[in-house]
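Here is the structure we will look at.
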Amino acid sequence: MSVRHAMLALLSEGPKYGWQLREEFEARTGEVWPLNVGQVYTTLQRLERDGLVESDETSAAEGPQKGFRITAEGDQELARWLRTPPDLSSPPRDELVMKVLVALHVPSADVHAVIQAHRRYLVELMQRWTRIREDETGGDVSTLLAVDAELFRLDSVVRWLDAAEARVNRAAADGTMPWAGQPRSAPPRKQTRAPLHGSGGK
Amino acid sequence: MSMLELRGVSKSYGQGSAEVHALRDVSLTADEGEMVAVMGPSGSGKSTLLTIAGTLEEPTSGEVLIAGVSVGKASRGTKARLRRRVIGYVFQDFNLLPGLTAAENVSLPLELDGLSARKARVPGLRGLQRLGLGERAAHYPDQLSGGERQRVAIARAMVGDRRLLLADEPSGALDSANAQAVMRMLLDACKEGGMTAVVVTHDAQLASWADRVVFLRDGTVTDQTAPAQGPEILLTPERNQ
């Protein structure tokens, strides 16, 4: 999530103060992505440095306040960002996928148990997100979309686990599994290996 | 109080080398007001579990209790009463009667239980309206879409304030919005009306509506989710840092 572009999006509606930007960002993302004050002001300073926002100080009852507004360059940058797809060309390094792949090659690991442990955890997370969607969003469309996105993301991982388990079952039936998910009965044979660095010197 | 209890239920089909074990020593409870989802891949025994819980099939061994009544020891009349008055069943392929309208299909269980057609029509129509099908009441099943037929089947299973709803993939033919509406209605019936629901599915999004998710594999219960936790665990500031 680009905080920089989220700030530009909020400012495209009209000038705002820093504290307003923080509150509105959190409200519109359903508090799914909380921001701290420091992040907001650092981002605004960088946007101002790059000519994408302008600021002016006004006096209020609580003291002077700095207001921000988007520039024409900021509008162009926001439009460019909205239309640019994020880079999804290379698969992310997914820890869960790695664990299942590693389990295939660990003789003592029960692959089904590993898959089920992750599946249960993901479904528990989905239960909580479903409850949030029903009880906490107050019908706010932005929040509903954010929660839906998380539910679909988790669901896709559960589906991958289901597919992985089916593939493991087929491989076990075909005899093509590395260890067929069964504990290895005998200890590994000790291997002799040439030293990495030769003993002979110059 | 447990509305449904399965004690060590096993079910096998065929004999000798052709014997297939659909369920092996399954124990499961669903309390009053609880929604339980049963998840598992195709062939894991989900539908068999549901038909046995719904008294549509008998287990090879083990015991099924519905509202405290042991089904195996109950007379045919008691079983028939349980099916008519206590259990609502949503079949995967809907099982609507083609010669009856949507409203007639929904009110049929009440008529079979002795209510006049005129009196049974009122709760039947109410059930259809709750599922957004009030305007389709006079349509026949072949005039309805797959999603509409599924909702008629759900309305029929719930009519007459059944206390135990057993549903086999109840949102399989529904789009995302309609699936959510159906699950919301089932959950409300559990939380506000005290109904118990057991929903069988392979869909994690559907299962995530349940209070508890039970996992089935090769006819055996392998796992279940922990008791529900509050949402605050997902909304901590650390998440973004």
Side-chain angles (χ1 to χ4, degrees), chain A residues 1 3 6 22 25-26 29-39 110 112-137 143-144 146-148 150-170, chain B residues 34-44 46 171 175-177 179-188 190-192 199 201-218 220-241:
Chain A
M1 178 67 192
V3 176
R22 181 193 175 205
F25 176 87
E26 291 195 356
T29 54
E31 300 178 18
V32 173
W33 294 293
L35 276 183
N36 63 50
V37 179
Q39 266 177 299
D110 178 342
H112 293 294
V114 170
I115 287 174
Q116 178 54 30
H118 293 301
R119 183 190 283 124
R120 184 187 62 238
Y121 172 69
L122 291 164
V123 172
E124 285 172 352
L125 283 180
M126 291 177 73
Q127 285 177 286
R128 290 180 215 158
W129 281 115
T130 298
R131 226 161 284 130
I132 289 171
R133 186 178 61 194
E134 292 308 300
D135 302 339
E136 318 258 329
T137 56
T143 314
L144 287 168
V147 174
D148 279 346
E150 191 59 11
L151 275 164
F152 278 102
R153 188 184 70 78
L154 295 168
D155 185 37
S156 73
V157 185
V158 174
R159 283 168 190 256
W160 176 77
L161 287 172
D162 293 344
E165 190 162 41
R167 198 177 283 281
V168 165
N169 287 341
R170 282 198 300 276
Chain B
E34 189 182 25
M35 182 188 276
V36 176
V38 180
M39 264 190 99
S42 297
S44 59
K46 303 188 300 288
S171 68
D175 59 33
S176 178
Q180 284 184 26
V182 163
M183 294 310 291
R184 193 171 294 122
M185 196 195 65
L186 294 185
L187 197 61
D188 285 349
C190 291
K191 299 305 155 202
E192 289 160 23
V199 176
T201 185
H202 66 275
D203 179 346
Q205 291 223 34
L206 185 69
S208 72
W209 284 80
D211 299 303
R212 191 156 50 92
V213 182
V214 173
F215 298 91
L216 206 63
R217 188 161 75 87
D218 296 334
T220 306
V221 172
T222 56
D223 202 2
Q224 63 176 320
T225 56
Q229 292 182 46
E232 62 280 359
I233 195 164
L234 299 173
L235 299 174
T236 53
E238 287 78 9
R239 192 177 155 72
N240 204 37
Q241 289 170 5

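What you see below is based on every heavy atom in this structure, not just the backbone, and it leaves out hydrogens, waters and symmetry mates.
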> Between atom CG of Asp162(A) and atom OG of Ser42(B), what is the distance when rounded to the nearest 0.5 Å?
Replying inline: 10.0 Å
> Do other residues, nucleotides or ligands put more than 12 heavy atoms under 6.0 Å from Arg167(A) CZ?
Replying inline: no
> Has the side chain of Gln205(B) got a donor or acceptor atom that lies under 3.5 Å from a matching backbone atom of Asp155(A)?
Replying inline: no
>> Report which part of Met183(B) has an atom under 4.5 Å of a heavy atom belonging to chain A: side chain, backbone, both, or neither.
In response: neither
> At what distance, to the nearest 0.5 angstrom, does OG of Ser208(B) lie from CZ of Arg128(A)?
Replying inline: 12.0 Å
>> Please report the interatomic distance CG(Asn169(A)) to CG(Asp218(B)), rounded to the nearest 0.5 Å.
In response: 7.5 Å
> If you count heavy-atom pairs under 4.5 Å with chain B, which of Arg159(A), Glu134(A), Glu165(A), Arg119(A) comes out on top?
Replying inline: Glu134(A)
> Between Asp148(A) and chain B, which part of the residue has a heavy atom less than 4.5 Å away: side chain, backbone, both or neither?
Replying inline: side chain
>> Using heavy-atom distances under 4.5 Å, tell me whether Gln224(B) contacts chain A through its side chain, its backbone, both, or neither.
In response: backbone
> In a check of side-chain contact (heavy atoms from CB on, under 4.5 Å) between Arg120(A) and each of Thr225(B), Thr222(B), Val213(B), which one passes?
Replying inline: Thr225(B)
> Taking all atoms of both residues into account, what is the closest heavy-atom pair of Gln127(A) and Asp211(B), and its distance?
Replying inline: NE2-O, 3.4 Å
>> Tell me if the NE2 atom of His112(A) is crowded by more than 12 foreign heavy atoms within 6.0 Å.
In response: yes
> So what's closer than 4.5 Å to chain B heavy atoms on Gln116(A): side chain, backbone, both or neither?
Replying inline: both
>> Less than 4.5 Å to any heavy atom of chain B: does that hold for the side chain of Tyr121(A), its backbone, both, or neither?
In response: neither
